[in-house]
Peer 1: 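There's a structure below that I have some questions on.
Each ligand, and each atom within it, is numbered from 1 in the order the structure gives.
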Amino acid sequence: MAKRRILIVEDEAMLRRIVRDAVESAGHYVTTAEDGEEALRLFRAEQPHLVIADIMLPKLDGFEMVRAMREEGGNTQYLFLSARSTAEDVVEGFRVGGNDYLRKPFAINELMARVEALLMRLGDDADSEIYTIGRYTLDTKAQTLTIDAETRHLSTKESAILATLAQNADSVVSSRSLLMEIWGDDSYYNLRSMNVFISKLRSYLSKDKSIDIRAIRGVGYKLVITK
Ligand code: CA
């Protein structure tokens, strides 16, 4: 199974960690949020393949959150994970756009079986990795970067570097991890080459002034989108 992006929204720290560990162990890329608003922001940035959502959450409850995510569109599956266990709650979960509903307490292997079943439904469409970067859209399958009606074709490395920065938006990505992931070695020669790629990406993204690929001296790069 391909590596998928999964967003876990759970305000209870212990449970968040347990679910995160299980999903990561299955080989997926995980981000977590502690409340509905943070989750909505991460959803927009990362376009996850699956959202595992608690219902009783601070700021924005799980039903409202999933409803808002559904309105944004995209190819995402939703799994509710909640202590709210009446038939009405379950019905409401499906009504707002949930694909599955698991009552707490639950067995972790049952959760993982449901996660994999939901990810199977995505089919090949999910192999297209779409990232929203400010006003730009990066499609790593087509290797295109689009703004308004203008589409630029990227090289494999350009696309991979930008996708990695976008996955980790607002966090520093070390030069070393970028080099190891994309070039397969972190020689000084490749570091110089990567810096050239970063300069090119900056110029490609220059139509949206809110986007900045910041160099963090001696460490790496950070993609920042100012709101
Ligand atoms: Ca909760």
Peer 1: Once you round to the nearest 0.5 Å, how far does CE of M56 lie from CG of D89?
Peer 2: 8.0 Å
Peer 1: Under 3.0 Å from the Ca ion (ligand 1), is there any N, O or S atom belonging to E12?
Peer 2: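 E12 does not place any N, O or S atom closer than 3.0 Å to the Ca ion (ligand 1).
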Peer 1: Taking NZ, NE, NH1 and NH2 as the nitrogens, is one of them in E37 or R41 under 4.0 Å from a carboxylate oxygen of the other?
Peer 2: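 Looking at E37 and R41, the cut-off is not met.
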Peer 1: Is the ring pair Y101/F80 parallel, tilted or perpendicular, if the boundaries are 30 and 60 degrees?
Peer 2: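 Taking F80 first and then Y101, their aromatic rings sit tilted (interplane angle of 30° to 60°).
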Peer 1: Please determine if the Ca ion (ligand 1) has an N/O/S atom from S82 lying under 3.0 Å away.
Peer 2: no
Peer 1: I'd like to know if the side chain of D61 reaches the main chain of E64, judged simply by a donor and an acceptor atom lying under 3.5 Å from each other, with no hydrogens or angles considered.
Peer 2: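 Answer holds: yes.
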Peer 1: Restricting to N, O or S, what is the name of the atom of D54 that lies nearest the Ca ion (ligand 1)?
Peer 2: OD2
Peer 1: Has D11 got an N, O or S atom lying less than 3.0 Å from the Ca ion (ligand 1)?
Peer 2: yes
